[in-house]
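Atoms within a ligand are numbered from 1 in the order they appear, just like the ligands themselves. Keep in mind that what you see is a predicted model, and the values were worked out from it rather than measured.
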Amino acid sequence: MKLYNTMSKTKEEFVPLEEGKVKMYVCGPTVYNFIHIGNARPMIVFDTVRRYFEYKGYDVNFVSNFTDVDDKIIKKANEEGVTAEEISKRYIEECKKDMEGMNVKPATKNPLATEEIGGMIDMIQTLIDKGYAYEKNGTVYYRTRKFEGYGKLSHKNLDDLQSGGRSLLVTGEDEKEDSLDFVLWKPKKEGEPAWESPWSEGRPGWHIECSEMSKKYLGEQIDIHAGGEDLIFPHHENEIAQSEAANGKDFSKYWLHNGFLNIDNRKMSKSLGNFFTVREIGEKYDLQVLRFFMLSAHYRSPLNFSAELMEAAKNGLERIVTAAEHLKFLLEGAKTENMTEKEQAKIVKSQEFTRKFEKAMDDDFNTADAIAAVFDLVKFINTNTDGESSKEYLQNLLSQLVALTDVLGIIVEKEQEMLADDIEALIAERQAARKERNFARADEIRDELLAKGIILEDTREGVKWKRA
Ligand code: AMP
Ligand code: ZN
């Protein structure tokens, strides 16, 4: 299995630090608004990377943070006259809903920056003790030139950075020893959330957050660190400088970066007005379509979002789901149990598509080619099954299709509708709970039914229910 490592600029064979295990950290969003479809791209592609490792039998420890302290969050909180915490909590919840809609698996852990400040302070102190950081008037800076490998990820040269940096030096930062130095801790300004530290009451810089959270939840050395390509510099370069200087070890073995999502061939931005939130797309399409669209391109290529491409994704997805439904329909009516010899030979042929899928995914997660293999399997299913097919044969084809679409995070099996008897039983249990004044249980049952699309109505004739 090969993956493209931004650090070496080549496709490398994946060798885990620990056999059978993958430790993976993906930089998560800053939560000050609904996530946009650009933010959705790393979520979907790295969830697919995770799913493929799991398909291959790896045990994946997947950590992805929420940046819940940041200038943009504070600005939004001031605009609304609420606390920064209220803003971040609100949009974390909304983000999780979008992720569920896109069938992104919950992370093993979603650390919040604001809950890890103590560890960040310790890491900054270690950097000061080792001579990699210094304090000036309550601000702590990282001494960039002290770290020998600086620039190794982004392939930037310190002197080029320096000449660019001078003109960028912001007022207030002229106390830095060097224009290349970056902030690890900054004192608070009026009305900002702040924490006590040995240097000032203030808050951490953005880069130290990820260094600390990946160390705490995955250890000093990890297999994969990932995010959008805009994070290569300075964010990931700075994370490497911090983590490797503090821990004295190489940080991540592989660095994966997704390409950008554009809209109508232009950079997606709020100011250009060509900007969509996942929520907006969800009003028009099932978010499975958005997921399928994202995976139609290689994760490192730029991807253009347009109405035509979304329609194409919708049609493609429908073809796959229809093939699965066709198999299930045939399975219900199938008369013979076991495969015939002819069917066995056909299964051998169909397995070529699974191998083609794996070959594509083994080549730096080429989901575009992997999807082509799924379509090959779909075509095979449509032309090689009928009312005479055996159960075993149909089930084998369905299992293959589901295994592959599972890797892509595409759901082809609709959840079974709840049976009327089961609904009635739950309603009876709810009535009993109410009688015992166990309202918590009664509400729980109502919510459970609602989640399955069953709406309850208390009427004079008793409780009635309907499907949403
Ligand atoms: P942010 O909230 O800006 O820190 O972004 C969260 C994640 O979304 C990062 O991994 C970014 O690189 C990624 N990202 C932001 N905009 C885009 C875009 N237009 N296309 C692809 N990835 C993006
Ligand atoms: Zn990060």
Side-chain angles (χ1 to χ4, degrees), residues 6 24-47 49 62-73 75-76 87-88 91-92 94-95 98-99 102 104 107 109-113 116 120 123 153-154 182 184 204-218 222 224-243 251-252 255-272 274-278 281 290-291 293-295 297-306:
T6 306
M24 183 168 178
Y25 186 95
V26 181
C27 292
T30 306
V31 277
Y32 64 101
N33 210 329
F34 288 101
I35 56 162
H36 58 64
I37 54 176
N39 299 137
R41 192 171 186 195
M43 288 173 182
I44 291 169
V45 300
F46 297 121
D47 177 62
V49 165
F62 188 98
V63 176
S64 188
N65 67 298
F66 284 112
T67 297
D68 62 343
V69 56
D70 173 88
D71 288 342
K72 294 190 211 101
I73 300 172
K75 184 167 172 269
K76 176 96 171 178
I87 295 292
S88 57
Y91 290 112
I92 287 170
E94 299 298 351
C95 177
D98 287 338
M99 287 168 89
M102 297 186 294
V104 171
K109 173 78 189 172
N110 280 133
L112 304 185
E116 310 292 345
M120 293 174 206
M123 198 177 222
L153 178 72
S154 54
F182 59 89
L184 298 174
W206 171 37
H207 316 302
I208 197 77
E209 296 176 6
C210 290
S211 280
E212 165 55 21
M213 291 185 277
S214 71
K215 177 181 172 174
K216 177 158 173 192
Y217 294 102
L218 295 171
I222 66 174
I224 295 175
H225 197 116
E229 64 183 6
D230 58 324
L231 300 187
I232 299 173
F233 186 85
H235 185 53
H236 288 165
E237 196 68 66
N238 291 354
E239 277 190 44
I240 292 172
Q242 297 164 155
S243 297
F251 180 20
S252 178
W255 290 84
L256 268 51
H257 294 99
N258 66 271
F260 252 48
L261 181 77
N262 300 316
I263 291 194
D264 294 326
N265 289 315
R266 290 195 305 172
K267 191 176 153 57
M268 193 175 72
S269 90
K270 268 187 181 163
S271 55
L272 289 171
N274 57 351
F275 184 91
F276 291 114
T277 61
V278 169
I281 299 303
L290 182 66
R291 179 166 185 127
F293 155 77
M294 294 276 186
L295 297 176
H298 190 274
Y299 77 93
R300 281 190 289 119
S301 311
L303 174 59
N304 189 47
F305 182 89
S306 69

Any side-chain heavy atom of [X] sitting closer than 4.5 Å to one from [Y]?
{"X": "Glu239", "Y": "His225", "result": "yes"}
{"X": "Val31", "Y": "Thr67", "result": "no"}
{"X": "Leu153", "Y": "Phe251", "result": "no"}

Inset, instruction - Measure from the side-chain N and O atoms of Asn258 to the backbone N and O of Gly228, and report whether any donor-acceptor pair falls under 3.5 Å. - result: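 It does hold such a pair.
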
Shortest protein heavy-atom distance from [atom], along with the residue and atom involved:
{"atom": "atom 4 (O) of ligand 1", "value": "Thr30 OG1, 3.6 Å"}
{"atom": "atom 20 (N) of ligand 1", "value": "Leu261 N, 2.8 Å"}
{"atom": "atom 16 (N) of ligand 1", "value": "His36 CE1, 3.4 Å"}
{"atom": "atom 23 (C) of ligand 1", "value": "Gly38 O, 3.2 Å"}

Element-labelled atoms of ligand 1 that are located less than 4.0 Å from some non-hydrogen atom of [X]:
{"X": "Gly228", "value": "10 (O), 12 (O)"}
{"X": "Asp230", "value": "11 (C), 12 (O)"}
{"X": "Leu231", "value": "9 (C), 10 (O), 12 (O)"}

Legend entry - Residue-ligand contact Gly259/ligand 1, heavy atom below 4.0 Å: yes

Legend entry - His257 to ligand 1, any heavy atom closer than 4.0 Å: no

Inset, instruction - State whether a side-chain donor-acceptor pair under 3.5 Å links Thr6 with His257. - result: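 Side-chain D/A pair, Thr6 to His257: present.
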
Inset, instruction - Determine, using ring centers only, whether Tyr217 and Tyr25 are less than 6.0 Å apart. - result: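 Centroid separation for Tyr25 and Tyr217: 6.0 Å or greater.
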
Legend entry - the Zn ion (ligand 2) to nearest N/O/S of His207 below 2.8 Å: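 Within the cut-off used here (under 2.8 Å), His207 places no N, O or S atom near the Zn ion (ligand 2).
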
Legend entry - Metal site the Zn ion (ligand 2): N/O/S of His235 inside 2.8 Å: yes

Inset, instruction - Dump the intermediate steps for side-chain contact (heavy atoms from CB on, under 4.5 Å) on Arg41 and Leu303, then the final yes or no. - result: CA-CA 9 Å; Arg41 192 171 186 195; Leu303 174 59; 3.5 Å; yes

Inset, instruction - Please determine if Pro42 has a nitrogen or oxygen closer than 3.5 Å to a nitrogen or oxygen of ligand 1. - result: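 N/O-N/O distance below 3.5 Å does not exist for this pair.
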
Legend entry - ligand 1-proximal atoms of Asn39, by part, heavy-atom distance under 4.0 Å: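 Under 4.0 Å from ligand 1, Asn39 contributes backbone and side-chain atoms.
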
Inset, instruction - Report the part of Asn258 (side chain from C-beta onward, or backbone N, CA, C, O) that has a heavy atom under 4.0 Å from ligand 1; answer both or neither where that applies. - result: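 Contact part for Asn258 vs ligand 1: side chain (C-beta onward).
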
Inset, instruction - Could you label the plane-to-plane angle of the Phe46 and Tyr299 rings as parallel, tilted or perpendicular, counting under 30° as parallel and over 60° as perpendicular? - result: perpendicular

Inset, instruction - Evaluate the ring planes of His236 and Trp255, with Trp represented by its six-membered ring, and classify them as parallel (under 30°), tilted (30 to 60°) or perpendicular (over 60°). - result: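 Aromatic pair His236/Trp255 classed tilted.
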
